[in-house]
2 protein chains.
Amino acid sequence: MSTEITERQQEIINVSLALITESGIQSLTIKNLAKRIGFAESAIYRHYENKIQILLAILDFFKRNTEQLFSNQLNSNENALVRIEKLFVTHFRKFTNTPSLVAVIFSEEIFRNEKELSTKVAEIMNLNIASLTTIIKDGQQKGEIRNDIEASHLATMILGSLRMFVKQWSMSNYSFSLEKKGNELSNTIKTLLVP
Amino acid sequence: MSTEITERQQEIINVSLALITESGIQSLTIKNLAKRIGFAESAIYRHYENKIQILLAILDFFKRNTEQLFSNQLNSNENALVRIEKLFVTHFRKFTNTPSLVAVIFSEEIFRNEKELSTKVAEIMNLNIASLTTIIKDGQQKGEIRNDIEASHLATMILGSLRMFVKQWSMSNYSFSLEKKGNELSNTIKTLLVP
DNA sequence: CTAATGTGAGTGAATATTCACACGCAAAGA
DNA sequence: TCTTTGCGTGTGAATATTCACTCACATTAG
């Protein structure tokens with residue numbers, strides 16, 4: 001009931017993501033959106049009630065994308081270290097192929113004003129941390145991950161490392177291969193986690 | 001020549017920080033600023049050429065604050081693990097006492113449009129990572145930090161962890177003691193780094 | 001007197017949103 | 001089959017609001 005989305009709505013989201021990718025979330029205005037689609041500005045409101053609904057749809061897109069990466073590993077029964085490695089690899093691949101997601105991550109401050117938006121951001125992040133914590137705890141029980149450290153701390157560290165690395169990538173104007181150098185970081189983290 | 005700042009300019013920065021703390025960087029407008037000071041809007045321009053200069057001054061404030069925390073540890077000759085621990089502790093104390101710094105951290109996307117601003121943000125972050133990397137390398141040479149991991153990766157991880165933790169704090173509406181719970185995280189990281 | 005500081009009114013550009021209206025298509029009624 | 005009705009979609013103009021910024025003038029401090 002929530003995923004029913006018309007073609008036009010999808011187009012609006014796609015163009016929104018393109019705008020965000022090109023010049024940041026600040027450039028996502030109704031005017032730019034309409035111009036890019038080849039629309040009158042007013043036509044947008046035939047498809048979304050207001051701009052907040054568009055932003056919520058964007059966050060939904062983000063949520064669906066990252067959530068899937070986590071739940072894929074959550075429902076696997078490989079070695080926890082491998083699952084965490086795959087978490088990194090799939091994230092880096094996703095960010096490489098869909099750079100708009102990177103802009104969305106770091107736009108959270110803009111969502112702070114609207115309660116509905118900031119709630120959604122918090123929700124996504126808490127969910128991801130919870131998934132990661134579950135994976136880690138599981139690995140600790142099976143002796144695949146060192147046991148002398150609280151799982152929630154590890155989750156904070158791992159997610160924080162991932163984000164910081166992506167931040168460095170975006171700050172360098174995407175001047176290196178996220179997937180390749182990310183692999184090295186992923187190995188480093190594996191080394192730290194091993195018992 | 002850059003640090004000469006008048007009383008009024010300092011007041012403008014202080015009020016800016018207060019506004020940012022209360023309702024995010026979005027609420028930092030000339031109108032709000034003037035109202036809070038008890039000013040006409042036009043009076044602002046007697047003290048700052050334009051809004052970008054105000055934002056630059058805010059970033060400068062941020063830079064001075066964090067830079068000092070890093071360089072304090074850079075110039076110490078304690079055990080590297082202790083230096084890193086102190087880095088955490090001093091950061092958490094600073095953020096607790098000056099919450100506006102937290103809002104500034106996560107406002108980077110807003111600075112993306114203006115080149116001068118985004119450059120400054122990148123500059124600050126690169127400097128901090130460089131300082132941290134130096135501390136880690138030093139510790140590795142002295143055998144205080146495990147040697148099987150690249151120092152720059154560790155720096156990314158440590159800074160990423162710190163930021164993610166502060167993010168969780170701010171997302172929880174500052175509902176826990178950053179200093180107290182941060183101590184635990186800091187210990188976790190020490191455990192990971194020890195050879 | 002002079003320079004610094006403050007004022008109030010005003011500007012243009014940008015913002016999201018609303019409104020009356022128009023067009024074309026598809027179903028329903030005669 | 002022709003006509004009517006309604007719906008989905010798009011338009012262009014207008015809305016109110018907010019934004020950073022300017023300018024001629026007034027006040028004040030040294």
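These figures come from a predicted structure and were not determined experimentally. The basis for the numbers below is simple: all heavy atoms, side chains too, and nothing from hydrogens, waters or symmetry mates. Convention: sequence-line order gives letters A, B, ...; per-chain numbering from 1.
When distances run from any side-chain atom of A:Ala43 to the nucleotides D:dA20, D:dT11, C:dT17, the shortest one goes to D:dT11. The A:Tyr45 side chain lies nearest to C:dA16 when the options are D:dT9, C:dA16, C:dG6. Comparing C:dG8, D:dG10, D:dA20 against the side chain of B:Thr29 picks out D:dA20 as the nearest. The side chain of B:Lys51 approaches D:dA20 more closely than any other nucleotide in the set D:dA20, C:dT17, C:dG6.
Taking 4.0 angstrom as the limit, A:His47 places a side-chain polar atom (N or O) nearer than this to OP1 or OP2 of D:dG10. In this model, the phosphate group of C:dA4 is not approached by any side-chain N or O of B:Arg8 to a distance below 4.0 Å at OP1 or OP2.
In this structure, B:Glu41 atom CD and C:dG10 atom C1' are separated by 11 Å, rounded to whole Å. For the pair A:Asn50 CG and C:dT18 P, the interatomic distance rounds to 8 Å; values are reported in whole Å. One interatomic measurement links the two molecules: CZ of A:Arg46 to C1' of C:dC21, which rounds to 10 Å at whole-angstrom precision. Atom NZ of A:Lys31 is separated from atom P of D:dG12 by 15 Å (rounded to the nearest Å). One interatomic measurement links the two molecules: CD1 of B:Ile12 to P of C:dG6, which rounds to 8 Å at whole-angstrom precision. Between the CD1 atom of B:Ile54 and the C1' atom of D:dC19 there is a distance of 13 Å, rounded to whole Å. Counting to the nearest Å, the C1' atom of D:dT11 and the CD1 atom of A:Ile37 are 15 Å from each other. The distance from atom CD of B:Gln53 to atom P of D:dC21 is 10 Å, rounded to the nearest whole Å.
No side-chain heavy atom of B:Phe70 sits under 4.5 Å from any side-chain heavy atom of B:Leu127. A:Arg163 has its side chain out of reach of B:Arg163: every pair of non-hydrogen atoms, C-beta onward, lies at least 4.5 Å apart. Between A:Glu85 and A:Glu78, the closest side-chain pair of non-hydrogen atoms is not below 4.5 Å. Contact annotation: the side chain of B:Arg112 never approaches that of A:Gln26 to less than 4.5 Å [non-hydrogen atoms, C-beta and beyond].
Contact annotation for A:Ile30: base contact, defined as any heavy-atom pair under 4.0 Å involving a base atom.
Summary of the strand contacts: B:Gly38 and A:Leu28 both lie near DNA chain C, and taking for each the nucleotide with the nearest heavy atom, the more 5' one is attributed to B:Gly38.
Below the 3.5 angstrom threshold, one finds a donor paired with an acceptor across the side chain of A:Ser42 and the base of D:dG12.
Geometrically, B:Arg46 does not engage B:Phe39 in a cation-pi contact, judged by NZ or CZ lying under 6.0 Å from the ring centre and within 45° of the ring axis.
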